[in-house]
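All residue numbers refer to positions in the sequence shown, counting from 1. These values consider heavy atoms only, across backbone and side chains, with no hydrogens, waters or symmetry-generated copies. Predicted model, so just to flag it, every value in this text is computed and none were measured.
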Amino acid sequence: MTTGTNDTTSSRASQTGTLKSHLRAEVARRGSVPLTIIAPAADDPPRGGVVVVQDARGITPYLVSVCDRLAGAGWLTVAPHLYHRDGRDEVDPAGGWPGAIPAMEGLTGTGIDADVDAALAHLADSGFDAGQSAIVGFCMGGTVALHTATRHPLAAAVSFYGGGVSTPYWPGVAPLVEAAPALRGPWLGLYGEQDDLISTDEIAALRAAAARSGVPTELVSYPGAGHAFHSDDREAVYRPVAAADAWSRALAFLDEHVRPR
């Protein structure tokens, strides 16, 4: 495993004011998988580990800011670069959401699992077992978070508006309503009721499916929010009240379920 300073990520974060000076950021490569890692300061040992899974746009300044916020709350964060097989970290920002769709659709369950497992292996090497590790994902990353929580007995999983609820996104990843009953650890879903990609019927079906898992689950939906309501870098979709409440719930969920080191 090789490591080095993530100049691109650090410079973008600095430009957008997302990376706090007391945090440590780098990109490490585990095998072929690049991992953006943001940790609390050296004199502030992490309380646990969190894999952070990108939205369809990739490892954007927004995604780095999410890792920053989690690290500021005491978590060691690791974000696998799911588009590395295409030779890129993120899609062209000028292309916006339409440009992200082909990149997202080019992923496979096998590749996603390998990349997420590389991030979990980094947490294990850092001293965090499954009971001290969690996963948080946004958009397609929310789908990955729930899917991963059916493969590993993680301490907690949080899905921000994960799609593919009734129709699968990728080969090897079941629709979430089929996967949710197999959850192996606590799961929190955070969804918007005005989401053009996920219907309220699907939200209700996912809530019921998760409840059949036998582990603690909760799905919170926000009447005034649509898809990507937490993305504070996208004024058209950002809903600050829902975003703040969802973020507070996510942090509380991690605090409740991730075992202290």
Which atom names give the shortest non-hydrogen contact between Gly109 and Val173, and what distance separates them? CA-CG2, 3.7 Å
Contacts of Arg88 that satisfy side chain to side chain donor-acceptor pair (under 3.5 Å) - sequence neighbours left out: none
Count I, L, V, M, F, W, Y as connected when their side-chain heavy atoms are under 4.5 Å apart, and connections chain through other members. Are Leu197 and Tyr238 then in the same cluster? no
Ignoring hydrogens, what is the shortest heavy-atom contact between Ala56 and Ala100? Give both atom names and the distance. O-CB, 3.4 Å
Judged by atom type as modelled, is there a donor-acceptor pair below 3.5 Å linking the side chain of Ser133 to the main-chain atoms of Asp129? yes
Please find the pair of heavy atoms, one from Asp89 and one from Tyr83, that lie closest to each other, and give the distance. O-CD1, 4.3 Å
Rounded to the nearest 0.5 Å, what separates atom CD1 in Ile112 from atom OG1 in Thr143? 8.5 Å
Name all residues meeting the ring pair (Phe, Tyr, Trp, His ring centres under 6.0 Å) criterion together with His84; count only those two or more places apart in sequence or in a different chain, and write none if there are none. none
Let me see the working for Leu120 and Leu154 under side-chain contact (heavy atoms from CB on, under 4.5 Å), right down to the final yes or no. CA-CA 10 Å; Leu120 289 170; Leu154 298 176; 4.0 Å; yes
Side chain Arg212, main chain Ala180, donor-acceptor under 3.5 Å: no
Partner set under salt bridge (Lys or Arg N to Asp or Glu O under 4.0 Å) for Asp195, not counting sequence neighbours: none
Thinking salt bridges, do Arg57 and Asp92 make one under a 4.0 Å N-O criterion? no
Are the side chains of Met140 and Asp55 in touch, meaning some heavy atoms are under 4.5 Å apart? no
Ignoring hydrogens and geometry, is there a side-chain-to-backbone donor-acceptor pair from Arg29 to Ser32 under 3.5 Å? yes
Cationic N near anionic O, under 4.0 Å, Arg207 to Glu218: no
Hphob cluster co-occupancy, Val241 + Leu251, side-chain heavy atoms under 4.5 angstrom: no
Is a side-chain N or O of Thr77 found less than 3.5 angstrom from the main chain of Val50, in a donor-acceptor match? no
Leu183 side, atom CG; Thr148 side, atom OG1 - distance, nearest 0.5 Å: 10.5 Å
Assess the residue pair Gln54 and Leu82 against the criterion (side-chain contact (heavy atoms from CB on, under 4.5 Å)); give the C-alpha distance rounded to whole Å, side-chain angles, the decisive distance to 0.1 Å, and a yes or no. CA-CA 8 Å; Gln54 66 187 53; Leu82 300 187; 3.7 Å; yes
How many angstroms lie between atom CZ of Phe138 and atom NE2 of His227, to the nearest 0.5 angstrom? 11.5 Å
Measure from the side-chain N and O atoms of Ser213 to the backbone N and O of Val215, and report whether any donor-acceptor pair falls under 3.5 Å. yes
Below 3.5 Å, can you tabulate the donor-acceptor pairs from side chains in residues 161-171 to any protein atom, sequence neighbours excluded?
unit_1	atom_1	unit_2	atom_2	d
Tyr161	OH	His230	N	3.4
Ser166	OG	Glu202	OE2	2.4
Trp170	NE1	Met104	O	2.8

Which atom of Ala41 lies closest to which atom of Arg24, heavy atoms considered: C-NE, 3.7 Å
Close side-chain approach of Thr217 and Leu219, heavy atoms under 4.5 Å: no
State the CG-CD1 distance between Leu206 and Ile198, to the nearest 0.5 angstrom. 8.5 Å
Do His147 and Asp113 touch side chain to side chain, with heavy atoms closer than 4.5 Å? yes
Glu193 and Thr200: side chain donor to acceptor below 3.5 Å: no
According to a hydrophobic-cluster definition based on side-chain heavy atoms being under 4.5 Å apart (Ile, Leu, Val, Met, Phe, Trp, Tyr only), do Leu63 and Val237 belong together? no
Show, in sequence, the C-alpha distance, side-chain angles and deciding distance for His81 and Leu35, and conclude whether the side-chain contact (heavy atoms from CB on, under 4.5 Å) test is met. CA-CA 6 Å; His81 296 212; Leu35 307 169; 5.6 Å; no
Mind checking whether Val27 and Ile37 have side chains closer than 4.5 Å, heavy atoms only? no
Out of Ile135, Asp115, Leu76, which one pairs with Val51 under the side-chain contact (heavy atoms from CB on, under 4.5 Å) rule? Ile135
Indicate the atoms forming the closest heavy-atom contact of Ala155 with His257, along with that distance. O-CB, 3.3 Å
Which atoms form the tightest heavy-atom contact between Val52 and Pro80, and what is the distance? O-CD, 3.5 Å
Any side-chain to backbone donor/acceptor pair from Thr108 onto Gly111? Under 3.5 Å, distance only. yes
With sequence neighbours left out, which residue pairs that include part of residues 181-191 fulfil the side-chain hydrogen bond (donor to acceptor under 3.5 Å, both in side chains) condition? Ser159-Trp187
For Phe160 and Trp247, take the angle between the two ring planes, folded into 0 to 90°, and tell me which bin it lands in: parallel under 30, tilted 30 to 60, perpendicular over 60. tilted
Qualifying residues under ring pair (Phe, Tyr, Trp, His ring centres under 6.0 Å), relative to Tyr222, sequence neighbours excluded: Phe229
Audit row: Trp75, Leu254, side-chain contact (heavy atoms from CB on, under 4.5 Å) steps and yes/no: CA-CA 10 Å; Trp75 304 98; Leu254 295 176; 3.7 Å; yes
Under a 4.0 Å threshold between the charged nitrogen and the carboxylate oxygen, would Asp117 count as salt-bridged to Arg30? no
I'd like to know if the side chain of Gln194 and the backbone of Pro223 have a donor-acceptor N/O pair within less than 3.5 Å. yes
